[in-house]
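The first residue of the sequence shown is numbered 1, and numbering continues consecutively from there. Keep in mind that what you see is a predicted model, and the values were worked out from it rather than measured.
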Amino acid sequence: MNGWPLAVLKRMSWTPDEETLAAIRHLAIQNAIEYEGKAVPGSVIGRVMATMTELRQHGNVVSPLIIQAVTEANSIAASQGLDALVEILQNEAPHLLMKREKKERRTGLPELANAVKGKVVLRFAPNPNGPLSFGHARGLVINSTYAKEWDGELILRFDDTDTTVKPPLPIAYQQIPQEAEWLIGFKPHRIVIASERMPQYYEYAIKMLNEGFGYVCQCSGEDFKKFRESKTQCPCRENSVQMNIELWEKMNDGTFVPGDAVVRVKTDMELKNPALRDWPALRIQDSVKNPHPREGIGSKYKVWPLLDFQSAVEDYLQGVTHIIRGKDLMDSTRKQTLLYQHFGWKYPETMYWGRVKVHEWGGFSTSQMRRDIEAGLFGGWDDPRLPTLSALKERGITAQALRNFWVELGVTQKDISVPLSTLYSHNTKEIDASAPRVSFVKNPVQISLSGDCPESVSIAVHPNDKSMGQRKFELNDKYVYLSSEDSQQGEVRLKDFCDINLDGNSAQITSIERKDRRSIIHWVGTNCVDAELIVVEDGKIISFAGKMEMHNHPIGTMLQLERIGYGIIVAENKIVFTHN
């Protein structure tokens, strides 16, 4: 793009001043010096937002400015060497040279504790109440990266034993493995469906009852809460093994209904953490009212394991060596560790991460998205307004960009808040070198040309890759299309063509060579087609009609639209905007 990029199809609502632009440029140069001419947009975005916090609310404008500044800094390093960058900072911002010394850059993820090459087993365990979202990508990326690094295995496990609160969605069983393979680049080594392994969970539930470290509790939830808070034992805890087995059978034969009984794991009722005191492991669900959607499961089972029990048993059976999970699940680790101690098992090594909040998305959840889709508020799981993997893929976000985003954030218990522009910077790095340039003019106005006008103009498909060929703009009838906004500017330059003076719907060609610093605008010639550009803005889908240059790029091609940004072809002459 020429000059500082415009906002999405309209003028910026906020324009940075010269001091801000200079500060962005200097931080990009500093980053390029530190990393030997290979500045990274994501890193610079972090520094800019940390040092100039007032810019955070303008992330959609600042991000493309940073990307351009990084590109220019790396270009100077490549053509003139690092000394040229050092000289710029010495003259314009010497404090950046003095303040920061080059640090050894940590790449990749932290070491896995007690890992053995070839014997690491990790798992990604989504609830299939919907396809995968941006948040799910974190677990997939981190676990798959470790599995690959340690020549280990990655298990995809469907934790689908809750048919009441988070009922499984049948299409998710097919879509999730496909999305996982797209994201991480290989098929998970094993796929486990918890609802199909109920006999194994029953086996260990009965083992608990027989060995006396589990019992069937008939107390109401409110009554047990009082026991838990007072650190006193529930009367059911003293049941004999025989009574517990009899009660277990009543839970399964329909004598008891939901709420009548649960199976609890015996712990210490004086444990400091109340959540750990005799925690529930299995409960009765209304399998008639809420049958499981899996064929052969349906209403077959009345007693279902809760997640902490099911996950703990399955991790043991599958030989999981390392668990990486959110810090909000620390209590799950503590509960499961107590269960493992009862069974005499060794608990897997565990790592935790904090929450990641993306400013622009707020609080989307799979359950809420499913309700909204079923209510008709969204067109489907690939609706471009949603943060699902299918929607991101359809909008042109690459799997590699998502992987780089999550690996860069790493595994830390610190809660992180990041702008969507951070992901976009990773995506730009992946697509820019191969994205053909195409001109799209919204709200087109036909402008007649006068003066020395050639019959056609040839422009490179990609300015940095001549092998991609040329784009031909026909001018047989001596007119072009400009956006209605650009047609009001007066003296402008048609990008890669000529200087013109605009006067209403006509323009005088004054020079083929660029003679001054007038604004550069994009345009299309007579060989253009009607086209549509779809943009998501402020949670709304906006359609822009316009003219687009003729091309032969197939559906699915990522483009860079001149002075607009990146987009992906989703149908003939229809493009979905990706990002600046």
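Applying the side chain to side chain donor-acceptor pair (under 3.5 Å) rule to Thr71 yields no partners; only residues at least two apart in sequence or on another chain are considered. For His551, the side chain to side chain donor-acceptor pair (under 3.5 Å) criterion is met by no residue, not counting sequence neighbours.
In Met468, the CE atom is crowded: over 12 heavy atoms of neighbouring residues, nucleotides or ligands sit closer than 6.0 Å. Around the NZ atom of Lys327, the shell of radius 6.0 Å holds more than 12 heavy atoms that belong to other residues, nucleotides or ligands. Environment of CG in Asp452: sparse, with no more than 12 heavy atoms of neighbouring residues, nucleotides or ligands closer than 6.0 Å. Heavy-atom neighbours of Arg190 CZ from other residues, nucleotides or ligands within 6.0 Å: above the threshold of 12.
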Exercise for the section: Apply ring pair (Phe, Tyr, Trp, His ring centres under 6.0 Å) to the pair Phe577 and Phe440, showing each step before the final yes or no. Expected result: CA-CA 12 Å; Phe577 180 76; Phe440 173 91; over 10 Å; no
Problem - Worked check of side-chain contact (heavy atoms from CB on, under 4.5 Å) between His579 and Leu423 - result: CA-CA 10 Å; His579 54 72; Leu423 173 62; over 6 Å; no
Problem - Thr333 and Arg325: CA distance, side-chain angles, deciding distance, side chain to side chain donor-acceptor pair (under 3.5 Å) verdict - result: CA-CA 9 Å; Thr333 298; Arg325 62 187 2 162; 2.8 Å; yes
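In this pair, Trp523 and Phe473 present their aromatic rings tilted. The plane angle is within the 30 to 60° band.
Using modelled atom types, no side-chain atom of Gln175 and backbone atom of Pro131 make a donor-acceptor pair closer than 3.5 Å. Counting only distance, with no hydrogens or angles, the side chain of His189 and the backbone of Leu154 share a donor-acceptor pair below 3.5 Å. Between the side chain of Arg518 and the backbone N or O of Ile500 there is at least one donor-acceptor pair closer than 3.5 Å. Within the 3.5 Å criterion, the main-chain N or O of Leu132 finds a donor-acceptor partner in the side chain of Glu179. Listed for the Arg403 side chain is a donor-acceptor partner under 3.5 Å among the backbone atoms of Leu183. Under the 3.5 Å distance criterion, the side-chain polar atoms of Thr350 are matched with a main-chain donor or acceptor of Pro348. For Glu430 (side chain) and Ala401 (main-chain N/O), no donor-acceptor pair under 3.5 Å exists by modelled atom type. With hydrogens and angles disregarded, no donor-acceptor distance shorter than 3.5 Å links the side chain of Asp383 to the backbone of Ala391. The backbone N or O of Glu474 sits less than 3.5 Å from a side-chain atom of Asn527, completing a donor-acceptor pair. In terms of modelled atom types and a separation under 3.5 Å, the side chain of Arg493 and the main chain of Ile512 share a donor-acceptor contact.
Ion pairing of Lys515 with Glu513 is absent here, as no side-chain N (NZ or NE/NH1/NH2) approaches a carboxylate O to less than 4.0 Å. The pair Lys540-Asp538 does not count as a salt bridge, with every side-chain nitrogen at least 4.0 angstrom from each carboxylate oxygen.
Arg437 pairs with exactly one of Asp432, Asp465, Asp496 by the salt bridge (charged side-chain N to carboxylate O under 4.0 Å, His left out) rule, that one being Asp432.
Asp486 and Gln489 share a donor-acceptor pair across their side chains, judged by distance under 3.5 Å alone. For the residue pair Ser439 / Glu549, no side-chain donor-acceptor distance below 3.5 Å is found, with atom types taken as modelled.
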